[in-house]
Protein chains: 4
Amino acid sequence: MAASPARRPHTGRNRNQATRQAILDASLDLLISGEAAMTMESLAAAAGVGKQTVYRWWPSKAAVLAEALSGRARDLVPAADTGTVLGDVTAFLAAMFRSANQPGVGRALRMIMAEAQTSPQAAQVLRAYTAGRRQALRTVLERGVDRGQLPPDADLDLIIDQAFGFVWYRLLVGHAPLSRRAATDLAKRLLPPCGA
Amino acid sequence: MAASPARRPHTGRNRNQATRQAILDASLDLLISGEAAMTMESLAAAAGVGKQTVYRWWPSKAAVLAEALSGRARDLVPAADTGTVLGDVTAFLAAMFRSANQPGVGRALRMIMAEAQTSPQAAQVLRAYTAGRRQALRTVLERGVDRGQLPPDADLDLIIDQAFGFVWYRLLVGHAPLSRRAATDLAKRLLPPCGA
Amino acid sequence: MAASPARRPHTGRNRNQATRQAILDASLDLLISGEAAMTMESLAAAAGVGKQTVYRWWPSKAAVLAEALSGRARDLVPAADTGTVLGDVTAFLAAMFRSANQPGVGRALRMIMAEAQTSPQAAQVLRAYTAGRRQALRTVLERGVDRGQLPPDADLDLIIDQAFGFVWYRLLVGHAPLSRRAATDLAKRLLPPCGA
Amino acid sequence: MAASPARRPHTGRNRNQATRQAILDASLDLLISGEAAMTMESLAAAAGVGKQTVYRWWPSKAAVLAEALSGRARDLVPAADTGTVLGDVTAFLAAMFRSANQPGVGRALRMIMAEAQTSPQAAQVLRAYTAGRRQALRTVLERGVDRGQLPPDADLDLIIDQAFGFVWYRLLVGHAPLSRRAATDLAKRLLPPCGA
DNA sequence: CGATAAGCGAGACGGTACGTCTCGTCTTTGA
DNA sequence: TCAAAGACGAGACGTACCGTCTCGCTTATCG
């Protein structure tokens, strides 16, 4: 077994994971405090880090946010198995709502979305992030199809976009809360006999 | 009959509606051309207007966009009466999708949404705009309730947020098109027997 | 012989001298208070007057200042006759120094000078003003020549520019005061046997 | 020997002297061409530099001008030693007149003076500049005292302010030229037996 | 007596420049 | 080679004034 792919064994100082983490932490701090818009400059300053270091690790502000945020989000969405699709979807939505209600997470999501409307890189980050989330929900739904709790011809894409659309819409416009009750009601409305 | 409240009737040169319209037109032109982000400077230049004049009429970029856009949107959504809720909602969604698919309108909506995440004024503009649109859909749905085509206890807020959430989500993320077919399918999924 | 030049005798409302005076007064108030730079807008506002009215009476800011100021200066410089050139010049300088030391007058002079460096109209106003002042001093000096207290070939221009140069220099740079003592000493230095 | 005061030795990119010089050069170019008033924006553009960079090096327009100009002025006024005060002062004045007659230098001086009347920073710059010039002339005069060509009780401040006042007055008002002849005549009038 | 013509306060308008802010890149020094 | 610091070109931001141009009104003079 030749170690061909890693040609040059490595020289120079190693990247400092602590630095990386400091940036992620600082980004969440800034978002949670919410005193001012998070700029690359304020982020670097808050992390006690050079701007270049931020750019070395991530290509754009949105990428930082996406990572800071996915670190938080990961443990919150284990896609539990409650035995029924309705239960699973309700649990999924409830977890998602809870997460989005955390000030830092909600603000981060909103900033990523905002950035994505102007910056192509941010758009890509957003696409990747949302694709991952959609896949998670799709998995839950497909389990329901396997169990026979959902018809095999159900349009999962439509259901998924309705679910995430609802969350994002309330998050971005802020006209109504993402309450526990809303999660329950929404789950019911998403699943058959709808659109039968 | 006291006429006290209106003390000084008005002095000074009148605001020039043509100027105002020139700015709105220029903003749509810039959005549709989409060559670069619309800045207040490029907008003023394109309209052949001083920057101050733009700020005299609108407090923020988002406010200009919202107005430019609602001017367009108004005639597109006449909330036609087709006899059935399903028909009405389908028509409503189809019109909305068509409008959002126009390059200028879609881009304007996305920029307003982006601005609203950082600027409080933009957020207010967005709230006003979305409230108007929600009311339009609510009117359509209430007509359905009156006709007995929708149960009187239907949670209209949920339906409405699902509908607009879907549109905005696809518009902002761009992972899937707002096709005619999607409008039809979505309409079916929004109305009972869903969530019964 | 028709009286062609004055064709139409005049119609319309008469110019209001009170308005004119209000502007001059306001300009001095602004200068004396010295809180901020005197702009045409602040001047009009302080005088309770439309901007156009100021421009109707004077072509430029400097013209207003020059007039506001010459109104003040007039009575201060009667070019008294003390019997000797030295006495006359000393009195002239002392009066000039005293006038320039008044906060409003000094500031007005400085602003006119500043304006004159960029605006041609202001330059013209300044030229007219300074020419008048130079003429006043020249009259005093010529009286000295007539009396035989100054040689007939004395270079009055040089003396005059030295005198006014001294005042303006100290006024504009502000490194040394225009004291009573300085007036006396300067007067002595300006007159023969200097440069004999 | 404590090395305490200079803690952090310096990090970050060094200031680029070439950039600095480009700005100074551009400022003189703009002044000499004299097509329009020198603005910070035109200056930055002419130097091929961001506006911020100009502000990084100098706090105000006047500061740039003062520096651009003192760079020029330095070599022009070597305070030559001709053996007599009269000769030295004549040379000093002649050099000063010659310098002020250069279009760029004269314009720069006038603009600094104008700026100094409104901007405190510019005033400070002007004070520093004029103080340096006064010191130069004072040195010449003191040499005269040492040589016994000037009485030890001569009021040098008065002589100095007369000299510079004359120059500035003619420069700012522009009613008479700063000719070679004027330099000679002025020098004679500045020195004893004047004010004896 | 109108009709006509200013004068006037107010303020909109097209401009220009201001000084600040952020972006993403580049360069220096020390670790 | 990495990292902190920060200079740099670029350009948008929102504000301040400029001088001109209407507005709706008031006040004078003339036919």
Side-chain angles (χ1 to χ4, degrees), chain A residues 8 10-16 18-20 37 39-42 44-45 47-57 59-61 119, chain B residues 8-16 18-20 36-45 47-57 59-61, chain C residues 8-16 19-20 36-45 47-57 59-61 119, chain D residues 8-16 19-20 36-45 47-57 59-61:
Chain A
R8 195 166 44 62
H10 175 73
T11 22
R13 187 173 182 173
N14 286 342
R15 290 230 193 150
N16 187 352
T19 296
R20 191 186 123 93
T39 69
M40 287 306 248
E41 251 152 28
S42 67
V49 142
K51 271 200 289 179
Q52 196 63 261
T53 302
V54 183
Y55 283 106
R56 218 188 315 275
W57 286 91
S60 68
K61 201 193 306 190
S119 146
Chain B
R8 194 168 50 65
H10 170 74
T11 3
R13 185 178 183 169
N14 288 344
R15 297 268 191 104
N16 186 355
T19 298
R20 189 185 125 94
M38 192 193 88
T39 68
M40 288 304 246
E41 306 216 299
S42 67
L43 173 57
V49 143
K51 264 199 291 181
Q52 198 66 260
T53 301
V54 183
Y55 284 106
R56 218 188 316 274
W57 285 91
S60 66
K61 203 191 307 189
Chain C
R8 195 167 42 64
H10 170 73
T11 25
R13 185 177 185 168
N14 287 343
R15 294 246 192 129
N16 186 355
T19 297
R20 190 185 124 93
M38 194 192 87
T39 67
M40 287 306 247
E41 284 188 332
S42 67
L43 173 57
V49 141
K51 270 198 290 180
Q52 196 64 262
T53 302
V54 183
Y55 283 105
R56 214 187 321 272
W57 286 91
S60 67
K61 202 193 307 189
S119 145
Chain D
R8 195 168 48 63
H10 169 74
T11 9
R13 185 176 183 170
N14 287 344
R15 297 266 191 109
N16 186 355
T19 297
R20 191 185 123 93
M38 193 192 87
T39 69
M40 289 304 247
E41 304 214 302
S42 67
L43 173 56
V49 142
K51 268 199 290 181
Q52 198 66 264
T53 301
V54 183
Y55 284 105
R56 216 188 318 274
W57 284 92
S60 66
K61 203 192 307 191

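Throughout, a chain's letter reflects where its sequence line sits, starting with A, and its residues are numbered from 1. It should be emphasised that the depicted structure is a prediction, and the values quoted were computed from it without experimental measurement.
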Nearest heavy atom decides the nucleotide; on that basis, is Gly12(D) or Val49(B) closer to the 5' end of DNA chain E?
Val49(B)
Give me the atom names and distance for the closest heavy-atom approach of Ser60(D) to Met40(D).
C-CE, 4.0 Å
Whether Thr53(D) contacts dG9(F) is assessed here as follows: a side-chain N or O lying under 4.0 Å from the phosphate OP1 or OP2. Is that the case?
yes
d(Thr53(B) OG1, Lys51(B) NZ) to nearest 0.5 Å is 11.5 Å
Check every strand shown and say whether Arg15(C) touches a base, only sugar-phosphate, or nothing at a heavy-atom separation below 4.0 Å.
sugar-phosphate
If you look at every heavy atom in Ser42(B) and Ala37(B), which pair is closest and at what distance?
OG-O, 4.3 Å
Quick one: the side chain of Arg13(D) and the base of dC8(F), do they pair up donor-acceptor inside 3.5 Å?
no
Within the 4.0 Å limit for protein heavy atoms, which parts of nucleotides 16-21 of chain E are touched? Write it as a string from 5' to 3', B for base, S for sugar-phosphate only, - for none.
-SBBBB
Separation of dG11(E) atom P from Trp57(B) atom CH2, nearest Å, is 15 Å
Nearest whole angstrom, please: distance from the P of dC8(E) to the CZ of Arg20(C).
11 Å
Any idea which heavy atoms bring Lys61(A) and Thr39(A) closest together, and the distance?
NZ-CA, 4.2 Å
In whole Å, I'd like the distance from the CG atom of Asn16(D) to the P atom of dG6(F).
17 Å
Measure from CG on Asn14(D) to P on dT27(E) and round the result to the nearest Å.
12 Å
